[in-house]
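Keep in mind the model is a prediction, meaning the values are calculated, not measured.
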Amino acid sequence: MRIYKAKAPMRIGFFGGGTDVSPYAEEHGGKVLNCTIDKYVRCMLRPSKEPGITIRSLDLEEVSRKTTGHWDGRLDLPQAVLDAAMPPSEGVEVIMFSDVPPGSGLGSSSALVVSMLKLIGAAYQINLDPHTLAELAYRIERVDLGIPGGRQDQYAAAFGGMCVYHFGNGRVIVEPVLNDPTALLELESCLLLGYIGSRKLLTQHLVDDQVRRLKEGDTLRYHDETKAFVDEAVRLLRGLRIADFGRLLHDAWEVKKAFSPYIAPPEVEDIYALARRHGAWGGKITGAGGGGFMVFACPFDRRLELERVLIEAGVQIRHFSFTTQGVHAWAVDTEEQSPSPPFTR
């Protein structure tokens, strides 16, 4: 039996987040700096004795089946991917899980879509270059399903690495910013990543509120300021000025909070203030806001102190490394027949 697997990396967004969201990206040109990390959404496709197509989410413990032309489950996102990209199939099972909780601000939803598209491409010999892959993932999330958000997550999962993404004029330019790995290694040595709680219920309302405020003209200048930080951040990275990069994170976070009052609820502000008191140069929410993961930049010799106080405050520290590659897919032949998981709902 031949089985296919794929994995797509999640990302830490550093600067420019929000400028990749419509209508700002089209009207003013967006610019985002992010880097992928070794936290992945993983999926597998294999033959199944069940009729139709079965989707099985291991971390959500949910199953959806399509046997009569209609889905019977709640896994809307993977269903939409299969409906958009998978050729007519019978007796197929797609299994997936994420290394982090869904809706946590690391781009896991887009990584899932990109991973599944790459998986389908490998299984059915459909060639999708990274740009096409990212644009199709964007269409499925933002158009087909109407999930609010920007474009950076899909492109990060497809391309990988530390890149500046330029959005506007009907195209996306991907600009890798580092040739020397020293800067990535040095930055990584001074960063902590912590999960502070779910933002799932806040996400859609939060993004909609940001878009409304932008259209009304309340936050245009803050978007412009956020975009301007990107070039300065790249200059600091290339110059190995990591402390200044961390301090710039603080400046950008103060501007980002002006996008919407929902970005930094009191719990987030308390955690951030605690981190600053224990040596952090700066930090930010890694996604749209409201909760999820936060990243903190601090001196190397204060990492353990900062980690300790954050854990005491209830933050779940996740150690990570940067990655330089995007989505991967591969195939293996096996004789093993894995039993299905016990959950059936």
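- The aromatic rings of Y272 and W253 are tilted relative to each other, their planes meeting at an angle between 30° and 60°.
- Annotation: F14 is in aromatic contact with F245 [ring centroid separation under 6.0 Å].
- Judged purely by distance below 3.5 Å, without hydrogens or angles, the side chains of T36 and T323 pair a donor atom with an acceptor atom.
- With contacts defined as side-chain heavy-atom distances shorter than 4.5 Å, the pair P102/L60 qualifies.
- Within a 6.0 Å sphere centred on CG of D333, heavy atoms belonging to other residues, nucleotides or ligands number more than 12.
- A salt bridge does not link E305 to R308: none of the charged side-chain nitrogens sits closer than 4.0 Å to a carboxylate oxygen.
- S110 and Y138 are not linked by any side-chain donor-acceptor pair at a separation below 3.5 angstrom, with hydrogens and angles left out of the test.
- When each of I196, V100, I285 is paired with F293, the side-chain contact (heavy atoms from CB on, under 4.5 Å) condition holds for V100 and for no other.
- For the residue pair D224/Y24, the side-chain donor-acceptor check at 3.5 Å is satisfied.
- In the model, S57 has a side-chain atom that pairs as donor or acceptor with a side-chain atom of D59 under 3.5 Å.
- Cation-pi geometry between R151 and F167 is not satisfied (NZ or CZ under 6.0 Å from the ring centre, within 45° of the ring normal).
- For the residue pair W71 and D76, no side-chain donor N or O sits within less than 3.5 Å of a side-chain acceptor on the partner.
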